Student: 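Structure incoming, see below.
Letters go in sequence order (proteins before strands), and every chain restarts at 1. Quick note: numbers below take in every heavy atom, side chains included, and nothing from hydrogens, waters or symmetry partners. Because the structure is a prediction, the values reported are computed rather than measured.
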There are 2 protein chains.
Amino acid sequence: MAPKTDLDRAVTQRLAESDLRYTSGRQAIVTGLRVADRPVTLPELLDLSPDLAQSSAYRNLSLMENAGVIRRLVHGGDHAHYELAEELTEHHHHLICESCGLVRDITFDGDLEQTLDTAFSRVAASEGFLPRHHAIDVYGRCAGCR
Amino acid sequence: MAPKTDLDRAVTQRLAESDLRYTSGRQAIVTGLRVADRPVTLPELLDLSPDLAQSSAYRNLSLMENAGVIRRLVHGGDHAHYELAEELTEHHHHLICESCGLVRDITFDGDLEQTLDTAFSRVAASEGFLPRHHAIDVYGRCAGCR
DNA sequence: TTGCTTGCAAATGATTTGCACTGCT
DNA sequence: AGCAGTGCAAATCATTTGCAAGCAA
């Protein structure tokens, strides 16, 4: 087993808080997501780590999502995309290719996020909503599909 | 059949451009979505118009989505939500209740949208993407689930 | 040994599709 | 007549789950 990274330690702790072990299968998933460096689908994840059983991958993704380690993204395509939770990385948004489904992370500067939060809170309040977080998806064509 | 509204006329034209007729079943869907005044799931749509056959509703929603009349939203819940396309209403975003799945429309003022478009174009360009449109989802708790 | 994990196979459930029939035009 | 549209039932397919066996504390 590879030496523990800071990410592994953070994941271990979050899993422990939900009474879950950081097994080798779960490490393979976390490592796969870290290496991919972009949200990936389940088939892509299995390609990255061929020893994973599909059902266990789905099961662990789901368990780790509840534990705050994984975030599941769903856009219109056939498969959901998975990435590490923002608490383990950083707040970001997504660029989605309408042609091939590729998803990439993007970040905005703090001033813009500040502006957004303020605007969202005001509009949400007018509808009686208590806003908790937000997601921005920018759709377009990726370099390969231009 | 009810008299044609401006919306009906606009839908008729868009469907015609795809060689589709504006049949009574399709009118029932469009009317249901207009009356609901928020994105609804397929079961909700069938409740609003009990005469619709499920398969035809799905089929027409899909055809009308391709014709630019309908927009399909997918947010992780069990069912997708459907609403009238923005070209028939106005550019808006969504407030989503994490507890019950309710979706409501929200709009931002022009200045903010302008700021957003500028920011999105710049960031997308840095990744080689050509941005086409965007979607902002604000997650939280609705008044009923507070 | 207790209980979390895993892999396999089977089940689930939203959505899609084949097909025969209906109804515009 | 000719073809778009519809409803029913069956098929699809990503994801979930039951279960028996494996493994860590």
Student: In whole Å, I'd like the distance from the CD atom of A:Q27 to the P atom of D:dC23.
Tutor: 17 Å

Student: Without decimals, in angstroms, what is the distance between B:L52 CG and D:dG7 P?
Tutor: 7 Å

Student: Any residue in residues 77-86 of chain B with a heavy atom nearer than 4.0 angstrom to DNA chain C? Just list them by number, or reply none.
Tutor: B:D78, B:H79, B:A80

Student: Contact between A:R38 and A:V103 at the side-chain level, heavy atoms closer than 4.5 Å - yes or no?
Tutor: no

Student: For B:E83, is there an ion pair with B:R34 - N to carboxylate O distance below 4.0 angstrom?
Tutor: no

Student: Using a strict heavy-atom distance below 4.0 Å, which residues from residues 10-23 of chain A are in contact with DNA chain C?
Tutor: A:L20, A:R21, A:T23

Student: Test your reading of the model: is there a side-chain donor-acceptor pair from A:S126 to the backbone of A:V123, 3.5 Å cut-off?
Tutor: yes

Student: Rounding to a whole Å, what distance do you find between A:L46:CG and C:dG7:P?
Tutor: 11 Å

Student: Do A:E87 and A:V69 have side-chain heavy atoms sitting under 4.5 Å apart?
Tutor: no

Student: Report yes if the distance between the aromatic ring centroids of A:Y139 and B:H134 is under 6.0 Å, otherwise no.
Tutor: no

Student: Between B:R71 and B:E86, is there a salt bridge with N-O shorter than 4.0 Å?
Tutor: yes

Student: I need the B:Y22 OH to B:T12 OG1 distance, nearest 0.5 Å.
Tutor: 6.0 Å

Student: Tell me whether B:R132 is salt-bridged to A:E98, with the criterion being a basic N under 4.0 Å from an acidic carboxylate O.
Tutor: yes

Student: Would you say the side chain of A:V138 lies within less than 4.5 Å of the side chain of A:I106, judging by non-hydrogen atoms?
Tutor: yes

Student: Taking 4.0 angstrom as the limit, do B:E127 and A:R104 come out as a salt bridge?
Tutor: yes

Student: Name the closest nucleotide to the A:S55 side chain, picking from C:dA9, D:dG5, C:dT6.
Tutor: C:dA9

Student: So, applying side chain to side chain contact (heavy atoms under 4.5 Å, CB included) with A:I70, which one of A:L33, A:V11, A:N60, A:L88 is it?
Tutor: A:L33

Student: Counting only non-hydrogen atoms, which of residues 57-75 of chain A are less than 4.0 Å from DNA chain C?
Tutor: A:R59, A:N60

Student: To the nearest Å, how far apart are B:Q54 CD and D:dG7 C1'?
Tutor: 11 Å

